[in-house]
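A quick write-up on the structure given underneath.
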Number of protein chains: 2
Amino acid sequence: MRLTDIKELYRKRENFIGTEVTVGGWVRSNRDSKSFGFLVINDGTFFETLQVVYGDGLSNFEEICKINVGAALIVRGTIVETPNAKQPFEMQAAEVTVEGTSAADYPLQKKRHTFEYLRTISHLRPRTNTFQAVFRVRSLIAYAIHSFFMERGFVYVHTPLITGSDCEGAGEMFQVTTLDLNNIPKNGDGEVDFAQDFFGKPTNLTVSGQLNVETYAFAFKNVYTFGPTFRAENSNTTRHAAEFWMIEPEMAFADLKDDMMLAEAMLKYIIRYVLENAPEEMAFFNQFVDKGLLERLKHVVDSDFAHVTYTEAVEILEKHNDAFDYKVSWGCDLQTEHERYLTEEVFKRPVFVTDYPKEIKAFYMKLNEDGRTVAAMDCLVPGIGEIIGGSQREDKLELLEQRMEELNLPKEDYGFYLDLRRYGSVRHAGFGLGFERCVMYLTGMSNIRDVVPFPRTVKNCEL
Amino acid sequence: MRLTDIKELYRKRENFIGTEVTVGGWVRSNRDSKSFGFLVINDGTFFETLQVVYGDGLSNFEEICKINVGAALIVRGTIVETPNAKQPFEMQAAEVTVEGTSAADYPLQKKRHTFEYLRTISHLRPRTNTFQAVFRVRSLIAYAIHSFFMERGFVYVHTPLITGSDCEGAGEMFQVTTLDLNNIPKNGDGEVDFAQDFFGKPTNLTVSGQLNVETYAFAFKNVYTFGPTFRAENSNTTRHAAEFWMIEPEMAFADLKDDMMLAEAMLKYIIRYVLENAPEEMAFFNQFVDKGLLERLKHVVDSDFAHVTYTEAVEILEKHNDAFDYKVSWGCDLQTEHERYLTEEVFKRPVFVTDYPKEIKAFYMKLNEDGRTVAAMDCLVPGIGEIIGGSQREDKLELLEQRMEELNLPKEDYGFYLDLRRYGSVRHAGFGLGFERCVMYLTGMSNIRDVVPFPRTVKNCEL
C-alpha cells in the first residue's frame, strides 16, 4: 500500500503542507460534535500523532463518529498548517476507511494505566505512549551498538546459546533437554541416561558468550557478541530477568586501558545516537518518567570518565561507612549504595573502578604484579551504579592453570580455552554490558519487565 | 596499544609507503635463509596478509628464525612498495617482538585441512583463510540486515526464546527446565509437577518469533525480529542445525505484494552490501569454494524477480515429472529439485511462487477468495531453491478461528493472537529468512556446520 508515514509528515513538513496524502494508523481518540469531529491517529512510525478533522460531508460520517479507540483506519486528506493549535498541522479528511474495528472492551481506553496492569497485556502495551517510546529506543540502542562496533571494524560473532559447559559458573542455569520428563531414562547406575538426550550429554542455556568469543578475538583481533543469555536465579527484583541480552566485546593486543577507552567511547556513542534519533521519546521520558534524565545523560557525554583503583575507592568509602547499610572494608564486593556514592557524590561523573581483589572476581582475569588483585574494571554511572564489568584476561598459560587449580576448575572442560594460551597467546581484554540495564539507564524506566517486550521472570512466561 | 590494522595498510596504502608502523598479528608462515627471512602475518582485520622482511641486523634474529606458525608477534618497521612481487608492499622490520609463542603441535600448520577436520577445532578454525572469510561475511550480512531495516524505519524487536507455547507447532522442541532430572517431582496424578519448575509450567525454546512480533507490527507498523531459534529435529543433514538465527519482518497495512517487494529489496541489498564490503573474501569464495558464485549473485542483483502461482508452477513441473525423483501434482509440497528446476531452468532468475494450497501451509496464512489456497509466497533462488517463506496473515477473526478449529488448535493458547483481530485488525504480512541459509547462499559454503561459529547438531554440542 502507498501510505505516508506520520514521521515523514513531521520531519519533512514543508513538502506536505497543502498536499493530499493517505495515512494508515490506529485511533488514539475520537471526539465529535454535531457536524464534524476529530480523530487522533498514531501509525507507529513516530512518537507524535496526527489529528484528522472530519466533517458531515463524508458519506460515512455517522460510522466515523462511532469509531472506538484502537480501531485501524486509512485516512486520505489534505495536510494544513494550524499555527494557533498545539500540533503544528492537521489533516482535513476527504475519505476515512475503517480497516479494522476495535471491540468495546478494548483494554487501552484513553486513561492512564499502571505499568503493572500493562504488564498483563504485553501484546497491547506497545500501543501506549510510554511503551512506544521504550521499545523504539530499545531498537535504536541495539542498532547504535552494532554501528559502533562495525564502524571500528569489529566482527560480530554469534556465540552459542545451548552449551555443554557452564562458562564462568555464574548463577543457576536452565537445562535443555529432549528427554521425556514423565519418564526419564536411567542408566545402569540409576542416573539420567544423557546418551539418549538430543546432544548425548547434559546441556544448559548459556550465561555468557565470553569464553567462546575470546577464541574469535584470537582470529579477528576485535570482535563482539550480542545475544541472549539466561539466568535461572530465583530472585524477584526489578533488575533481574531470566532471559536478557548481553553485549560482550573482546579485543586482542589490548590491555585494561584499551578496554576502558572502548567502554567509555561506546557509552557516549549510544547516548549521543539516541538523543539525536529519538528526541521526542527522550523528552517524554525526561518529563514523565525520570525528571533529570536528559541532564544526567548529557553530563555523561560531556565528562571524561574518572579512574580509581578498588583499593583507593575502599579508602574513600571507609570514611563514610556510617552512611552505608553494608560497611566497606578491603576484600568486600562493592554494593550499589557504594557504587552510587562513588559516582554521584565523590566523582560526580562516571568512574572506572579498577584492580579488584582476585577473590571476588572470575578465574580468567589477569593477575596483577601485586599477586592479590586482578586487572578488572567496573564502570559506574550516576543514577544506577555498575553498568559495565570487564577485565584484561590472563594470557599466561601457567598462571591461568594455577588459578584454575586453586578454584578446582576441571582443566579438561577448558581445553579450548587453554589452547588459546598455547598457540599465539596475546594480551587481550573485554567487557560485558547488560543490554536491558543499558535500556533502563537511557530511558529512566525502573523495572526490567518494562524494557523487555515479553519478560521472563520467576513463575512468569506469558506469550 | 597503538597498532596499525593491516586493513588500513591496504585500503589507504599511499599514506603508509615510506613510513614506519607497528602491527600486531599471528604468523601464517616463516621462512629464513642465512641472513634474512620472511614472515607472513595476518592480524584478523583483513583477508590479505602482510609480508615482513627481517634481517640478521636484528638483535633477536636467531629467535625470529625459529618462530612457529600461529605465534603472536608485534612488528615495527617501514612499509615499502614491491612493484615486482605478488603482494603490493611489504614491511622491512626494525623490531620483532614475540607476544606469544606457538607450541610445536599447533594444529594449523601451513597445509590444507579438510572442513571436516577443522570442525573438530572450532576454536582455531577462524584463523584459516576460509573461515576468516566465512565469519567476516557472516558478520557483514548481519549488519546489512539491520541497516536495511533501520534505514526503512523498522523497529527491531527481541522476541522471547523461552516460550510457553509452541507457536506454529513446527518440528520438535527443546524443553527448558530447572527441575532435577534425577528426581523429577510428580503431582498427585503421577505426572510432572511443573508448579515446581522455574516458570511454574512447561516451557520450550522457540521455533519462531512470528506470532510475538505480529503484536508489535500492530503498534509500530513495520518491525522485525532477528534472533536465535531452535529445532530438536533428529536430522543429520548439511542443511539443519539445532540452533540457528532467523530474520522475521512483519508489516502492518501491507499485503502479499508488499511482502514480496520487501523480500526482493532485502536480498538485493544484502548481496550488494557484501560485494562492496568484502570483495577479497567474495573473490576467494568464487575461486576456491564455489566457481560461478559471483556471476550468480550479480545476476540476482540485476534481475527483476519472476512471479508464478503455485497452480501455474505445478502445471509447468508436471510436464517434466520424468526428470524428478518426487512426481509433482496439485496439493503436494514442492521439493528442492522442483524449486531449483523452476528458478534455474524455467525462469533463470529468482522467482516467487505464490498462493499455495492451504493444507500445506500454516494456520495463520490468509485464505484466498478461492477458498482453497492461501496468500503465501516462497522465494526461490538459483543454486539453493527456497530461501525465504512468507505470507499475508489472516486478519479476519472469524476466518482465523474457523481455521484453528479445523486444525484443532486450542483457542485459549492463542488469546493474544486473536486479540489482534479484535482490536484494530489490519491487513499485514511478513516472512522468514533463515540466516545460516543466507550465509551459505552468499559464500557458496555447502554445510551449515561451516557457517555457524559453534554448531549444534544431533549429538554434537562442543565448546
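Convention: sequence-line order gives letters A, B, ...; per-chain numbering from 1. Remember, it's a predicted structure, so these values are computed and weren't measured experimentally.
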request  = Kindly assign one of parallel, tilted or perpendicular to the pair F135(A) and Y216(B), based on the angle between their ring planes and the thresholds 30° and 60°.
outcome  = perpendicular

query = Between A254(B), G25(B), A252(B), G227(B), which shows the greatest number of heavy-atom pairs under 4.5 Å with chain A?
reply = G25(B)

inquiry  = Would the distance check show the side chain of N460(B) and the main-chain N or O of F199(A) forming a donor-acceptor pair, the cut-off being under 3.5 Å?
reply    = no

key: Residue pair T177(A) / F174(B), side-chain heavy-atom distance below 4.5 Å   = no

key: Interchain contact, F46(B) with chain A, by part (heavy-atom threshold 4.5 Å)   = neither

task = Counting only heavy atoms closer than 4.5 Å, note whether P228(B) contacts chain A via side chain, backbone, both or neither.
result = side chain

note = Ranking P107(A), S139(A), A72(A) by heavy-atom pairs under 4.5 Å to chain B gives rank one to S139(A)

task = Would you confirm whether K459(B), through its side chain, and D197(A), through its main-chain N or O, come within 3.5 Å as a donor-acceptor pair?
result = yes

query = Aromatic rings W245(B) and Y156(A): how do their planes relate, parallel, tilted or perpendicular, breaks at 30° and 60°?
reply = perpendicular

key: Working for ring-ring contact (aromatic ring centres under 6.0 Å, His included), residues H158(A) and F435(B)   = CA-CA 11 Å; H158(A) 289 126; F435(B) 183 60; 5.6 Å; yes

key: Residue pair K201(A), E462(B): steps toward the side chain to side chain contact (heavy atoms under 4.5 Å, CB included) verdict   = CA-CA 10 Å; K201(A) 62 177 183 181; E462(B) 297 307 315; 3.7 Å; yes

message = For H123(A), is there any backbone N or O sitting under 3.5 Å from a side-chain donor or acceptor partner on D419(B)?
response = no

Chain A contact via A142(B) - which portion, at a heavy-atom distance below 4.5 Å = side chain

message = Quick check: do I162(A) and L205(B) have side-chain heavy atoms less than 4.5 Å from each other?
response = yes

inquiry  = Between L181(A) and F194(B), does the side chain to side chain contact (heavy atoms under 4.5 Å, CB included) criterion hold? Intermediate values first, please.
reply    = CA-CA 10 Å; L181(A) 297 186; F194(B) 284 108; 3.8 Å; yes

request  = For chain A, find which of T159(B), N222(B), L3(B), T203(B) contributes the most heavy-atom pairs closer than 4.5 angstrom.
outcome  = L3(B)

request  = Output yes when a side-chain donor or acceptor of E243(B) lies under 3.5 Å from a complementary backbone atom of L161(A), and no otherwise.
outcome  = yes

query = Could you state the interatomic distance from CZ (F454(B)) to OG1 (T163(A)), rounded to the nearest 0.5 Å?
reply = 10.0 Å

Contact leader toward chain B among F154(A), Y106(A), F198(A), where contacts are heavy-atom pairs under 4.5 Å = F198(A)

key: Among C461(B), G415(B), G200(B), residue most engaged with chain A (heavy-atom pairs, under 4.5 Å)   = C461(B)

ask   = What part of E8(B) lies closer than 4.5 angstrom to a heavy atom of chain A: side chain, backbone, both or neither?
value = neither

query = Got a salt bridge between K221(B) and D5(A), using NZ or NE/NH1/NH2 to carboxylate O under 4.0 Å?
reply = yes

ask   = How far does CG of N182(B) sit from NZ of K186(A), to the nearest 0.5 angstrom?
value = 5.5 Å

Expected output: side-chain Q175(A) to main-chain L179(B) donor-acceptor under 3.5 Å = yes

ask   = Roughly how far, to the nearest 0.5 Å, is the OG1 atom of T101(B) from the CZ atom of R421(A)?
value = 13.5 Å

task = Mind ranking M150(A), R136(A), R422(A) by heavy-atom pairs under 4.5 Å with chain B and telling me who comes out on top?
result = M150(A)

note = The reported gap from OG1 in T178(A) to CG in N234(B) (rounded to nearest 0.5 angstrom) is 8.0 Å

message = Between V69(B), D105(B), V223(B), T128(B), who has the most heavy-atom pairs with chain A when the cutoff is under 4.5 Å?
response = D105(B)

note = To the nearest 0.5 Å, atom CZ of F253(B) lies from atom CZ of R2(A) at 14.5 Å

key: Heavy-atom pair count under 4.5 Å with chain B, highest-scoring of Q132(A), R125(A), E191(A), R138(A)   = Q132(A)

Top of P453(B), G424(B), G100(B) for chain A proximity - count of heavy-atom pairs under 4.5 angstrom = G424(B)

query = Where do F220(B) and T45(A) land on the side chain to side chain contact (heavy atoms under 4.5 Å, CB included) test, with the steps shown first?
reply = CA-CA 6 Å; F220(B) 288 106; T45(A) 65; over 6 Å; no

message = Working to the nearest 0.5 angstrom, can you tell me the gap between L463(B) CG and N212(A) CG?
response = 6.0 Å

inquiry  = For K7(A), which atoms come within 4.5 Å of any heavy atom of chain B: side chain, backbone, both, or neither?
reply    = neither

message = If we ignore hydrogens and angles and just use 3.5 Å, is the side chain of E99(A) paired with the main-chain N or O of R427(B) as donor and acceptor?
response = yes

key: W26(B) side chain vs A219(A) backbone, donor-acceptor pair below 3.5 Å   = no

query = Okay, side chain of S102(B), backbone of Y423(A): is any donor-acceptor separation there less than 3.5 Å?
reply = no

query = Going by atom types only, do S147(A) and Y143(B) share a side-chain donor-acceptor pair under 3.5 Å?
reply = yes

ask   = What residue, out of P202(A), G24(A), G153(A), has the most heavy-atom pairs lying under 4.5 Å from chain B?
value = G24(A)

query = Which one of P455(A), A103(A), A71(A) has the most heavy-atom pairs closer than 4.5 Å to chain B?
reply = A103(A)

query = Side chain, backbone, both or neither: which part of E436(A) has a heavy atom under 4.5 Å from chain B?
reply = neither

